[in-house]
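Contents: one structure, followed by commentary.
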Amino acid sequence: MADRDTVHYDGPAGGWGSLRGITRIFGKELPAPGVLDTLAHQNKPGGFMCTSCAWTKPAHHNPLEFCENGAKATLWELTTRRCTPDFFAGHTLCELKGWSDHDLEQQGRLTHPLRYDRETDRYLPCSWEEAFAAIGDNLKRLDPQSAVFYTSGRASLETAYLYQLFARLYGTNNLPDSSNMCHETTSISLKKVIGASVGTSVFEDFSACDAIFFFGQNTGSNSPRFLHPLQEAVKRGCRIVAFNPVVEKGLVAMINPQSPTEMLTGHETPISSHYLQVKAGGDIAAIMGLCKHVLDREDEARARGESVLDHDFIARHTHDFEAFTDKIRATSWEEIEDNSGLTRDALREAGEVYVEAERVIGIYGMGLTQQVHGFDNVAMLVNLLLMKGNIGRDGTGISPVRGHSNVQGQRTVGISEKPELVPMDKLARLFGFSPPMEKGLNTVETCEGVLAGTVKAFIGLGGNFLRAIPEQEAVAEAWQRLELTVQIATKLNRSHLVPGRAAYLLPCLGRSEEDRQAGGPQTVTMEDTFSCIHGSVGRRKPASEHLLSEPAIVAGIAKAVLAPNPKLRWDDWVGDYGKVRDLIEATYPQEFRGFNERLFTPGGFYRGNSARERIWKTASGKAEFTVPKELSATGFEDRPGRYRLITLRSNDQFNTTIYGYSDRLRGIEGTRDVLLINPDDMARAGLAEGQVVALASDADDGRERRVGGLKVLPFDLPDGCLGGYYPELNPLIPLSHHDVQSKTPAAKAVPVRILTGAAASG
Ligand SMILES: Nc1nc2c(c(=O)[nH]1)N[C@H]1C(S)=C(S)[C@@H](COP(=O)(O)OP(=O)(O)OC[C@H]3O[C@@H](n4cnc5c(=O)[nH]c(N)nc54)[C@H](O)[C@@H]3O)O[C@H]1N2
Ligand SMILES: Nc1nc2c(c(=O)[nH]1)N[C@H]1C(S)=C(S)[C@@H](COP(=O)(O)OP(=O)(O)OC[C@H]3O[C@@H](n4cnc5c(=O)[nH]c(N)nc54)[C@H](O)[C@@H]3O)O[C@H]1N2
Ligand SMILES: [Mo]
């Protein structure tokens, strides 16, 4: 792997750097001709919807409604490189295990259905008929409760609906999803406290808010098109307050690459007015500090006969306010400072922005959700918003920024291991069967089942499960004992290198490619982070003539497993996805009314959110104030030598897909094998820049976990916090280290030790 020296980048987000990022990928990905035309239609009505993040596709779009990372994702899919049976003839899986994630995917698009051959340790081409028949035979032999049907958040609403239907007809709710590692904390927390499992803000709210509070979301890298409405908001006087242990460039300043004036003059817009480098896991305490300041100002205002709080809203719409304020008053500034790593002055200043703002949006990402007390993180942010009625009014709201392009939508149409979230009665009526009612396995429980030997088959609809999960090494070891593994994918990744006893690698169309079926070219649909649903039409020539669409693969497997039933018209559904949309509408009539007529609505059609209407579908019928049990979200005690490791994404990756080794916005170039640590901690630990060290798990379960070969790099982080990259550092995360309520792996504060000398290389 390239291991060039690390250089620092001091420019703002966007600007020439982002254009250079795109052109560099152009050179590397060798895209087919006509790609620029495809990019010009990206994220616009009638075009195709970006496969990168879930940011919305606005009705009034920019001339080019794509960003550096969206362009990278499209070019990644449209590469001219092909990973053919010849490639597999030349490499055993044992050999490929020594390759980097980057080099595996760099082989290009998979072209043929493949079967694993144990004798030669290679993938061999096979026919689709052979693959479906063998998968069918295996699944029919197994207990449905021992099979798992994973989805990565990219598959369309149509594919997702057919997939969950198939799993339930087969007899299981084992439908884990990438959101189990991501915003599952959101689904559980928001459902409990406001009665809706998704965010309440919509795009227009960003034109009306006075302040935005940002917690642990890295806009510049992960949802760059969001920088445009942010820049507009700042220009009209909205204030942005960011809480993040890392000073992320995109939250500091930006140059709009779509503005010729800004590009030519280098004029940048500052984004955050306040930037608070909270400790990893310190947000519960930090938000407590903000709330404490608001209460103090309320007391002062009351003495003048005025008020800061929205008393009318609190009385009519919320529950348990007293218990919450008692807790805030009982918590001292010393405890808050200690647990957040922030001074009370800094928190008071930020709190004052909240007090002064009439309309506030609370934004958050993985910094809040991937914590042991992630539930309390999210509930605390809701507490803050409720104090001044900042939910259910224009220009306000709680706004989780979702990850994969359709991860939210998949849950909407039934990808869930929780039967109570799915309209089983409707499925029963539509398809004439008794759906399973046992709770299914989520991602962490799937890993537990693989380790225990109770999970025997894994079907992966996209994604890179074995690389994305915690406790990678132990799970990969046990994985080889699975009876059946099936991976539906566009490119080769590390999960494909660990086959079960019978193993199939099935290549599918990408979203930018033309999906032609019996009924002609097909459209698919996605739901964005604001619950708006968009049609997407691929027009590119498929990477290989042997590819099938995801719906066709799901149907192929389903037909091989299930007994024929006149209500299951798999061929008709695959021939015309409009018929699948009719089924979605019949199952979810309220959200998907007139689905086929509305799918090209500019800006998407909104499926609605009760909490936005101030209808609270909670236990009390009101929005819930919550009292957090802990002030620290880490779930472990601090002690000498123990650090909080934050696993980060670079600007040059999409999850486990590594585009390259340039984390431009953080100035880390040429390598991902780094350990980021602040200079004071470095000195205290006696480390030198460039020294190679290892990290070891410091969990109290006595299990050995270690990742070596990490180069020490001084970096601006709070004391006691370390940074490094996901997925390389995933072997350090214990399976048991997850959000208490949702089981989302707690990848943003992992207890570790630093090993040096002989121990580092051992
Ligand atoms: N280019 C690109 N885009 C992507 C992705 C990608 O990998 N690459 N992934 C997609 C997916 S699936 C998702 S879920 C989203 C993820 O997007 P984000 O939600 O932005 O997730 P991360 O980048 O993992 O982490 C977000 C931020 O949390 C900060 N942080 C860490 N610990 C804490 C903490 O304790 N408190 C606070 N306040 N902050 C903390 C980190 O410094 C980081 O800036 O992006 C999506 N978009
Ligand atoms: N330590 C740590 N671990 C994490 C995280 C973290 O922040 N830190 N983040 C977590 C999060 S938020 C998430 S969402 C998960 C991500 O987990 P996953 O969603 O499982 O992983 P991805 O890396 O997005 O999957 C990439 C693969 O998807 C396949 N693919 C791409 N496009 C398509 C397509 O159109 N169809 C099909 N069938 N396959 C396709 C390609 O083969 C590619 O190799 O990781 C989680 N793990
Ligand atoms: Mo995610």
Side-chain angles (χ1 to χ4, degrees), residues 51-55 67-70 72-73 76-77 101 104-105 110 150-156 159 177-183 214-224 242-248 250-251 276 278-283 286 364-371 377 400-405 407 443 460-470 487-496 506-511 550 553 633-634 644-657 659 717 721 723 725-730 732-733 744-745 747-750:
T51 52
S52 197
C53 75
W55 184 249
C67 66
E68 173 183 359
N69 282 311
K72 282 183 189 173
W76 175 92
E77 188 167 288
D101 297 300
L104 290 173
E105 294 210 13
L110 295 164
Y150 173 71
T151 319
S152 163
R154 201 183 283 231
S156 64
T159 309
D177 178 284
S178 58
S179 72
N180 290 148
M181 298 181 256
C182 180
H183 270 291
F214 255 92
F215 292 85
Q217 202 272 335
N218 185 12
T219 312
S221 282
N222 297 333
S223 41
F243 288 80
N244 197 314
V246 179
V247 181
E248 303 285 19
L251 292 170
L276 292 91
V278 62
K279 271 201 247 182
D283 300 272
Y364 68 93
M366 298 299 101
L368 292 198
T369 63
Q370 294 178 338
Q371 299 283 1
N377 272 336
V401 182
R402 302 298 300 249
H404 268 298
S405 50
V407 65
T443 290
L461 179 58
N464 190 357
F465 187 83
L466 273 179
R467 196 60 170 146
I469 55 167
Q487 301 281 1
I488 301 164
T490 50
K491 284 196 183 174
L492 181 64
N493 66 43
R494 196 159 298 281
S495 297
H496 310 153
L506 306 179
C508 64
L509 291 175
R511 198 183 292 161
E550 290 180 327
I553 297 173
T634 64
R644 304 173 179 194
L645 170 70
I646 307 170
T647 57
L648 293 165
R649 295 173 151 75
S650 92
N651 181 60
D652 213 7
Q653 76 184 86
F654 189 88
N655 297 340
T656 69
T657 293
Y659 298 128
L717 280 169
C721 298
Y725 288 115
Y726 146 63
E728 287 82 350
L729 299 182
N730 279 38
L732 293 166
I733 310 174
T744 305
K748 293 295 184 267
V750 183

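If you read the sequence from its start, that first residue is 1, and numbering goes on from there. Read the numbers this way: they start at 1 and go in the same order the structure lists the ligands and their atoms. Here the structure is a predicted model, which means the values were calculated and not measured.
Not a single N or O atom of Val401, backbone or side chain, sits closer than 3.5 Å to an N or O atom of ligand 1. By the 3.5 Å distance cut-off applied to N or O atoms, Glu77 is not counted among the residues near ligand 2. Annotation: Ser152 places an N or O atom under 3.5 Å from an N or O atom of ligand 2; distance criterion only. For ligand 1, the polar-atom distance check against Phe215 finds no nitrogen or oxygen pair separated by under 3.5 Å. Looking at Ala280 next to ligand 1, no N or O pair under 3.5 Å apart turns up. In terms of polar-atom proximity, Gly463 is counted as a contact of ligand 2, with an N or O under 3.5 Å from an N or O of the ligand. Of the N or O atoms in Arg402, none lie within a sub-3.5 Å distance of an N or O in ligand 1. Considering backbone and side-chain N/O atoms, Gly510 never comes within less than 3.5 Å of an N/O atom of ligand 2. The distance criterion of under 3.5 Å between nitrogen or oxygen atoms is not met by Ile469 with respect to ligand 2. Checked against a 3.5 angstrom limit, the closest N/O atoms of Thr647 and ligand 1 fall outside it. Between Gln371 and ligand 1, at least one pair of N/O atoms sits closer than 3.5 Å.
Of all the atoms in ligand 2, the ones that sit under 4.0 Å from a non-hydrogen atom of Ile488 are 37 (C), 38 (N), 39 (N). Near Lys748, the atoms of ligand 2 lying under 4.0 angstrom from a non-hydrogen atom of the residue are 6 (C), 7 (O). Heavy-atom contacts of Leu648 reach the following atoms of ligand 1: 41 (C), 42 (O) (cutoff under 4.0 Å). When each atom of ligand 1 is checked for a heavy atom of Cys182 under 4.0 Å away, the hits are 14 (S). Residue Asn69 approaches ligand 1 through these ligand atoms, each under 4.0 Å from one of its heavy atoms: 1 (N). Near Glu550, meaning under 4.0 Å from one of its heavy atoms, ligand 2 places the atoms 34 (C), 36 (N), 37 (C), 38 (N). Against a heavy-atom cut-off of under 4.0 Å, Gln653 is close to the following atoms of ligand 1: 1 (N), 2 (C), 6 (C), 7 (O), 8 (N). The Gly365 neighbourhood of ligand 1 comprises atoms 19 (O), with distances under 4.0 Å to a heavy atom of that residue.
Of the heavy atoms in Ile733, only side-chain atoms (C-beta onward) come closer than 4.0 Å to ligand 2. Of the heavy atoms in Ala747, only side-chain atoms (C-beta onward) come closer than 4.0 Å to ligand 2. Looking at Arg511 against ligand 2, nothing comes within 4.0 Å, counting heavy atoms. Proximity of Ser221 to ligand 1, defined as any heavy-atom pair under 4.0 Å, is confined to the backbone N, CA, C and O atoms. With a 4.0 Å heavy-atom cut-off, ligand 2 is reached by the side chain of Asn730 but not by its N, CA, C or O. Only side-chain heavy atoms of Cys508 come within less than 4.0 Å of ligand 2; its backbone N, CA, C and O stay farther off. Only the side chain of Trp76 comes within 4.0 Å of ligand 2, counting heavy atoms alone; its backbone N, CA, C and O stay farther away. Contact annotation: for Glu105 versus ligand 2, heavy atoms closer than 4.0 Å belong to the side chain alone.
Note on ligand 1: Lys72 sits outside its first shell, no heavy atom being nearer than 4.0 Å. For Ser223, the heavy-atom gap to ligand 1 stays at 4.0 angstrom or more.
Rounded to the nearest 0.5 Å, atoms NZ (Lys748) and CD1 (Ile733) are 8.0 Å apart.
In this structure, Cys182 and Val407 have side chains that are not in contact, with every pair of non-hydrogen atoms separated by 4.5 Å or more.
Nearest non-hydrogen protein atom to atom 4 (C) of ligand 2 is Tyr726 CE1, 3.1 Å. Looking only at protein heavy atoms, the nearest one to atom 21 (O) of ligand 2 is Asn464 N, 3.5 Å. The protein heavy atom nearest to atom 41 (C) of ligand 2 is Thr490 OG1, 3.7 Å.
Between His183, Arg154, Gln370, Glu248, it is Glu248 that holds the heavy atom closest to atom 43 (C) of ligand 1.
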